[in-house]
Amino acid sequence: MNEFYERVYAIVRKIPRGKVSTYGDIAEMVGSKGSARMVGYAMNHAHGLSPAVPAHRVVNRNGVLTGKHHFGMPTLMQQLLENEGHVILHDQIQDFEKVRWKPRK
DNA sequence: TCACTGACGGGGC
DNA sequence: CGCCCCGCCAGTG
């Protein structure tokens, strides 16, 4: 597996329960700013790994669950997030800025 | 080898 | 505020 993927997975695994992050932020954190699409692509291949990669905690910059169709059931991603205390309305995380994970600073 | 495709994001109009 | 275009770069046919 690529170093790029490994780094993306390492970051995503650090997202604490109850928090979420965005593709763009993660791309920047792995040192490949602007490559948010690659992060999404990496998530697409992140299933079945161990330790597990909480891909459901990664949404787009608007807090919208754009990747829900890749969890088998279209409702799974939303349910996982709700289990962690989030409120989702119309595929969008409510109070997104409040639960957005921002390491350091 | 070339062309196209994305779980995206930002800028221009 | 909405729509369109372009850069990002690994995979795939």
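Only heavy atoms go into these numbers, but all of them, side chains included; no hydrogens, no water, no symmetry mates. Being a predicted model, the structure only gives us computed values, none of them experimental. Per chain, numbering begins at 1; letters A, B, ... match sequence-line order.
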What integer distance in Å separates [X]:[atom1] from [N]:[atom2]?
| X | N | atom1 | atom2 | answer |
| --- | --- | --- | --- | --- |
| A:Phe4 | B:dG6 | CZ | P | 18 Å |
| A:His45 | C:dA10 | NE2 | C1' | 8 Å |
| A:Asn44 | C:dT12 | CG | C1' | 13 Å |
| A:Asp91 | B:dC8 | CG | P | 13 Å |
| A:Phe96 | B:dC8 | CZ | P | 13 Å |
| A:His70 | B:dT5 | NE2 | C1' | 12 Å |
| A:Tyr5 | C:dA10 | OH | P | 9 Å |

Can you find a donor-acceptor pair, distance only, under 3.5 Å between [X] side chain and [N] base?
| X | N | value |
| --- | --- | --- |
| A:Arg37 | C:dG7 | yes |
| A:Arg61 | B:dG9 | no |
| A:Tyr23 | B:dA7 | yes |

Problem - Reported OG1-to-CE distance for the pair A:Thr22 and A:Met29, which is rounded to 0.5 angstrom - result: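 These two atoms lie 7.0 Å from each other.
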Problem - Salt bridge A:Lys102-A:Asp25, side-chain N to carboxylate O under 4.0 Å - result: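 Salt bridge absent between A:Lys102 and A:Asp25.
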Problem - Residues A:Glu84, A:Arg57: salt bridge by 4.0 Å N-O rule - result: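 Answer for the salt bridge query: yes.
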Practice task
Between A:Thr22 and A:Tyr41, name the one whose nearest nucleotide on DNA chain B is closer to the 5' end.
Solution key: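 Whichever sits nearer the 5' end wins; that is A:Tyr41.
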Handout entry: N/O (side chain, A:Ser32) to phosphate O (OP1/OP2, C:dC8) under 4.0 Å
Key =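 No, A:Ser32 has no side-chain N/O under 4.0 Å of OP1/OP2 on C:dC8.
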Exercise for the section: Determine the contact category for A:Asn60: base if any of its heavy atoms lies under 4.0 Å from a base atom, sugar-phosphate if only primed atoms, P, OP1 or OP2 are that close, otherwise nothing. Expected result: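 Counting heavy atoms under 4.0 Å across all strands, the contact made by A:Asn60 is with sugar-phosphate only.
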Problem - Closest non-hydrogen atom pair between A:Ser32 and A:Phe4, with its separation - result: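 Answer, listing the atom of A:Ser32 first, then A:Phe4: CB-CE1, 3.8 Å.
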Practice task
Can you tell me, in whole Å, how much space there is between the P of B:dC4 and that of C:dC5?
Solution key: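 After rounding to an integer number of Å, I get 15 Å for this pair.
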Problem - A:Tyr5 and A:His45 aromatic ring geometry - parallel, tilted or perpendicular at 30°/60° bounds - result: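 Ring orientation, 0 to 90° scale: parallel.
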